[in-house]
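Here's the structure, in structure tokens; my notes come after.
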Amino acid sequence: MSIEFDNNLPIYLQIMNYLKREIVTGRLKGGDKIPSVRELAAELQINPNTVQRTFQELEREAIVETKRGLGRYVTSEESKIMTIKKEMAGELLDRFIGGMQELGFSNEDIAALVADAMKANERR
């Protein structure tokens, strides 16, 4: 695992976002075991407390679950994974639409540009 950390965002949030992306893209599947705190801290060369905080937040959001004595696993609940995927898509769309509006495009212009881009993408 390789993450280039951004100084403007807490590291634990960046790790959470990375793991969520791995889950929604299917690289980490429901029921997969995730690395231990020590393993991940060593791999990313960060403080284990940061990894522990990441895992606590992921558990709080019911994205991972701890099986006592066995480790942490990605949730097998497909509806939870789909919810995460939709949240991530919403964040991407908000940033995209905001950026387009800053450039002066109307909602209709944005919709037309997206439709054109999707048609061009289908031809590839």
Side-chain angles (χ1 to χ4, degrees):
M1 177 184 310
S2 177
I3 303 173
E4 288 193 31
F5 294 113
D6 177 356
N7 292 331
N8 299 319
L9 190 64
I11 291 174
Y12 83 95
L13 286 176
Q14 293 177 62
I15 299 169
M16 277 183 69
N17 290 336
Y18 176 83
L19 290 172
K20 285 179 180 180
R21 200 171 312 110
E22 292 293 293
I23 292 167
V24 300
T25 59
R27 288 188 286 268
L28 272 177
K29 296 179 182 9
D32 282 357
K33 189 175 192 302
I34 59 175
S36 71
V37 169
R38 286 187 182 146
E39 290 170 340
L40 193 54
E43 188 175 335
L44 297 175
Q45 298 180 344
I46 59 173
N47 189 309
N49 292 331
T50 303
V51 177
Q52 182 63 35
R53 172 123 189 240
T54 300
F55 288 169
Q56 286 173 339
E57 290 297 316
L58 289 170
E59 284 183 24
R60 188 182 58 74
E61 293 184 18
I63 297 166
V64 300
E65 54 195 16
T66 299
K67 295 182 181 177
R68 194 174 200 113
L70 299 174
R72 289 186 176 88
Y73 294 81
V74 175
T75 183
S76 295
E77 193 177 321
E78 286 298 320
S79 63
K80 183 64 182 172
I81 294 171
M82 185 52 72
T83 299
I84 297 165
K85 194 173 201 172
K86 287 179 181 177
E87 287 172 1
M88 293 176 85
E91 291 168 9
L92 282 171
L93 285 168
D94 287 346
R95 285 196 305 271
F96 171 74
I97 292 168
M100 294 299 282
Q101 288 172 338
E102 282 180 19
L103 292 175
F105 289 99
S106 70
N107 287 344
E108 294 78 20
D109 293 337
I110 296 169
L113 286 168
V114 169
D116 291 345
M118 290 176 67
K119 286 177 189 171
N121 196 24
E122 284 177 359
R123 287 184 236 137
R124 290 186 207 162

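As a basis for the values below, the full set of heavy atoms in this structure was taken, side chains included, without hydrogen atoms, waters or symmetry mates.
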(request) Mark yes or no for whether K86, through its side chain, and T83, through its backbone, hold a donor-acceptor pair below 3.5 Å. (result) no
(message) Taking V64 as the starting point, is it possible to reach M82 by hopping between hydrophobic residues whose side chains are less than 4.5 Å apart?
(response) no
(request) Quick one: list whatever passes side-chain contact (heavy atoms from CB on, under 4.5 Å) with T66, sequence neighbours left out. (result) E59, R72
(request) Taking only Lys NZ, Arg NE, NH1 and NH2, and the carboxylate oxygens of Asp or Glu, determine whether K20 and E87 approach each other closer than 4.0 Å. (result) no
(message) Quick check: closest heavy atoms across L9 and Q14, and the distance to 0.1 Å?
(response) O-NE2, 2.5 Å
(message) Are there over 12 heavy-atom neighbours, none belonging to K33, within less than 6.0 Å of that residue's NZ?
(response) yes
(message) Using every non-hydrogen atom in the two residues, find where S76 and G30 come nearest and quote the distance to one decimal.
(response) OG-C, 3.8 Å
(request) Hey, could you give me the OG/CD distance between S106 and Q101, rounded to the nearest 0.5 Å? (result) 9.0 Å
(request) Count the heavy atoms belonging to other residues, nucleotides or ligands that lie under 6.0 Å from NZ of K85, then report whether that count exceeds 12. (result) no
(request) Using a 4.5 Å cut-off on heavy atoms from C-beta on, say whether the side chain of M88 contacts that of I84. (result) yes
(message) So, taking the atom named CG in L40 and the one named OG1 in T54, what distance separates them when rounded to the nearest 0.5 Å?
(response) 7.5 Å
(request) Write down the atom of P48, the atom of A41, and the distance for their closest heavy-atom approach. (result) CA-CB, 3.7 Å
(request) Could you tell me whether the side chain of K80 and the main chain of E61 form a donor-acceptor pair under 3.5 Å? (result) yes
(message) Which residues end up grouped with L70 if you chain together Ile, Leu, Val, Met, Phe, Trp and Tyr wherever their side-chain heavy atoms are less than 4.5 Å apart?
(response) Y73
(request) Report yes or no: do T50 and N47 form a side-chain donor-acceptor pair below 3.5 Å? (result) no
(request) Check side-chain contact (heavy atoms from CB on, under 4.5 Å) between E22 and all other residues, then give those that pass, not counting sequence neighbours. (result) Y18, R27, L28
(request) With sequence neighbours left out, write down each residue that passes side-chain contact (heavy atoms from CB on, under 4.5 Å) with S36, or none if nothing qualifies. (result) R38, E39
(request) Begin with the C-alpha distance, continue with both residues' side-chain angles, and end with the deciding distance and a verdict on side-chain contact (heavy atoms from CB on, under 4.5 Å) for M16 and L58. (result) CA-CA 7 Å; M16 277 183 69; L58 289 170; 4.1 Å; yes
(message) Applying a strict under-4.5 Å side-chain criterion to I, L, V, M, F, W and Y, I'd like to know whether I3 and I46 cluster together.
(response) yes
(request) For R95, enumerate each residue passing the side-chain hydrogen bond (donor to acceptor under 3.5 Å, both in side chains) test, keeping only those at least two apart in sequence or located in another chain. (result) none
(message) Please enumerate all residues that pass side-chain contact (heavy atoms from CB on, under 4.5 Å) together with M100, with sequence neighbours excluded.
(response) F96, L103, F105, I110, L113
(message) Under a 4.0 Å threshold between the charged nitrogen and the carboxylate oxygen, would E122 count as salt-bridged to K119?
(response) no
